[in-house]
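Encoded as structure tokens, the structure appears first; notes follow it.
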Amino acid sequence: MRAALWLLALFGVAVAAALFAGNNQGTITLYWPPYRIDLSLNMVVLLLVSTFVTVYAAMSALAALLDLPRQALRWRVQQKERAMHGAMLDALTHMLAGRFIRSRKAALTALSKEAALTTDGETVPHGLHLRTMAHMVAAESSHALQDRATRDTHLQQALGQVSAGGTAHEQELREGVHMRAARWLLDDRDARAALERLAVLPQGAARRTLALRIRLKATRLARQTQDALDTARLLGKHRAFSAGAAQSIVRGLATELINGAHDTAQLQQTWLHLEQSERGMPELAIHAAQRLATLGGEPAQVRAWLLPAWDLMVKQPQALPDPHALKLVRALESTLDTLDASWLARIESAQQANPRDARLQYLAGVACLKRELWGKAQQLLTQATPHLPDAGLRASAWRHLAELAERRNDSEAAAAAWKKAALAH
């Protein structure tokens, strides 16, 4: 469209010039005594235009000639800048390809070219960023080559390029340098120094996913389980892991906290500090209850912690894996000496609702045994024993049957039961 408009304008100018020049009868007379020169108006206009064009072309040529030294200097500077940026790109390419010696060499080349330009008085665009990144590439390559001294030297030089109170870009560079340094220290298995690096970061940067991932690994390496658990929760909220992975990490760290409790008071405090969703994990609740029973906690408290897992096993048997269900039965069995009426009714109703579940039959039989309901205990344990999937439970069931037989003074049945208990392992 623009070309068509220019063409129309050109045609208009040509038509106007033709109309003006074709019928123009004007003349211009120049008197230069004793001479007289008569010129047509068209000729004068043509001479003026030609003179203007000639003078303009001559001035442009002279300006271009005088500007040649500056253009040559600018070209040389551009060539040096291109070589500098090319060396930086080569350094990054070699680093990604795992050629760390070449990467460090190219980064040093980029630094030397940038220094040469600065020495010549040329201001390099983004020079600070380029120097910082070149030092970091050299440090990264040195870290991969296990050259810690060179790595630390380039790290300090990179930090020296960006001040703490600089611009927003400088601040981001500084944060990135500290995060990378923390990662290197973590690779060196120096968790304390890595955490000190992360502590330098401002609050907003410290809550970024990358910083939290480094913190999680560092706290786990430093055995700071509570801090690691708090960090894992933040990462889960940021969706840094899948839901299953986040739950597994949190469960593992919570299990470490539970295992680290040395008395019932510390264990109860640890349990209360867990989130509600974590206390609702059946595997975690079962493990905590077992730990509480091992430390000599109140049986009623053990059963209270086991209640969510018990409800899950009764209402959705497939939702609780067999190993965890076995631990649940074992944990409940350890508290049956002081079983209250509500839990006895709960166990009996669960067994009646699932009459084919041998584990519930066994648990109900042991509960009746503890309440001195010998006949019912005999019946339930006899029915459950052949179908119990775990050898340990079968051996325990045969031992209980042997004890019942001894109470009846049936030595033959007791001997047979003790023999089967021994063979069940």
With side chain to side chain contact (heavy atoms under 4.5 Å, CB included) as the test, would you mind laying out the steps for D357 and Q351 before giving the verdict?
-> CA-CA 7 Å; D357 193 330; Q351 187 273 323; over 6 Å; no

Starting from the C-alpha separation in whole Å, work towards a yes-or-no answer on side chain to side chain contact (heavy atoms under 4.5 Å, CB included) for L145 and T150.
-> CA-CA 10 Å; L145 295 170; T150 305; over 6 Å; no

Going through the distances and angles, do L128 and R131 end up as a side chain to side chain contact (heavy atoms under 4.5 Å, CB included)?
-> CA-CA 5 Å; L128 183 144; R131 289 192 300 272; 3.9 Å; yes

What do the steps show when you test R174 against Q171 for side chain to side chain donor-acceptor pair (under 3.5 Å), and what is the final call?
-> CA-CA 5 Å; R174 188 175 184 84; Q171 187 66 23; 5.8 Å; no

For L130 and H85, what are the C-alpha separation, side-chain angles and deciding distance, and is it a side chain to side chain contact (heavy atoms under 4.5 Å, CB included)?
-> CA-CA 9 Å; L130 187 139; H85 288 99; 3.8 Å; yes

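We find the CG-CE distance between L111 and M84 to be 10.0 Å, quoted to the nearest 0.5 Å. In this structure, L198 CG and I214 CD1 are separated by 6.0 Å, a value rounded to the nearest 0.5 Å. Taking CZ of R356 as the start and CD of Q361 as the end, the distance is 11.0 Å to the nearest 0.5 Å. The distance from atom CE of M313 to atom CG of N354, rounded to the nearest 0.5 Å, is 8.5 Å. We find the CG-CG distance between L267 and L292 to be 5.5 Å, quoted to the nearest 0.5 Å. With rounding to the nearest 0.5 Å, the separation of CZ in R197 from CG in D190 is 10.5 Å.
Using a 4.5 Å heavy-atom cutoff, the side chains of R330 and L393 are in contact. Residues H135 and V177 form no side-chain contact, since every pair of their non-hydrogen atoms from C-beta on lies 4.5 Å or further apart. Looking at L381 and V366, their side chains come closer than 4.5 Å, going by heavy atoms from C-beta outward. Here the side chains of P389 and D322 are not in contact, with every heavy-atom distance at 4.5 Å or above. Looking only at side-chain heavy atoms (C-beta outward), L336 and L369 stay at 4.5 Å or farther from each other. Counting heavy atoms from C-beta on, the side chains of I101 and H94 never come closer than 4.5 Å. When side chains are defined from C-beta on, E114 does not count as touching L117, because their heavy atoms never get closer than 4.5 Å. Taking 4.5 Å as the limit, some side-chain heavy atom of H178 sits within range of a side-chain heavy atom of L159.
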Using a 3.5 Å cut-off and no angle test, enumerate the donor-acceptor pairs between side-chain atoms of residues 136-143 and protein atoms at least two apart in sequence or in another chain.
unit_1	atom_1	unit_2	atom_2	d
E140	OE1	R180	NE	2.9
E140	OE1	R180	NH2	3.4
E140	OE1	W184	NE1	2.8
E140	OE2	R180	NH2	3.2
S141	OG	S103	OG	3.1
S141	OG	V137	O	3.0
S142	OG	R104	NH1	3.1
S142	OG	A138	O	2.8
H143	ND1	R151	NH1	2.9
H143	NE2	D187	OD2	3.2

Enumerate, atom names and distances included, each donor-acceptor pair closer than 3.5 Å involving a side-chain atom of residues 231-240, sequence neighbours excluded.
unit_1	atom_1	unit_2	atom_2	d
T231	OG1	D227	O	2.8
R233	NE	E278	OE2	2.8
R233	NH1	D230	OD1	3.2
R233	NH2	E278	OE1	2.8

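Across every non-hydrogen atom of A107 and A91, the tightest pair is N-CB, 3.6 Å. In plain terms, the two heavy atoms of V314 and A350 that are nearest each other are CG2-CB, 3.8 Å. When all heavy atoms of A293 and V302 are compared, the closest pair comes out as N-CG2, 4.0 Å. Minimum heavy-atom separation, A331 to L306: CB-CD1, 3.6 Å. A pairwise comparison of heavy atoms in A261 and R291 identifies O-NH2, 2.7 Å as the closest pair. Residues A288 and I258 share a closest heavy-atom pair of CB-CD1, 3.7 Å.
No more than 12 heavy atoms of other residues, nucleotides or ligands shown are found within 6.0 angstrom of CD on E298.
Sorted by first and then second residue, the pairs that involve residues 206-224 and meet side-chain hydrogen bond (donor to acceptor under 3.5 Å, both in side chains), not counting sequence neighbours, are E175-R208. Among residue pairs with one or both ends in residues 54-68, those qualifying as side-chain hydrogen bond (donor to acceptor under 3.5 Å, both in side chains) are D67-R70, D67-Q71; sequence neighbours excluded. Sorted by first then second residue, the ring-ring contact (aromatic ring centres under 6.0 Å, His included) pairs that include residues 297-335, not counting sequence neighbours, are W271-W305, W310-W343. Residue pairs meeting the side-chain hydrogen bond (donor to acceptor under 3.5 Å, both in side chains) criterion with at least one partner in residues 244-270, sequence neighbours excluded, are N259-H287.
Judged by distance alone, the side chains of R76 and Q79 never bring a donor and an acceptor atom under 3.5 Å apart.
Counting only distance, with no hydrogens or angles, the side chain of R408 and the backbone of A413 share no donor-acceptor pair below 3.5 Å.
Taking the six-membered ring where the residue is Trp, H169 and H129 present perpendicular rings, their angle passing 60° and hence far from 30°.
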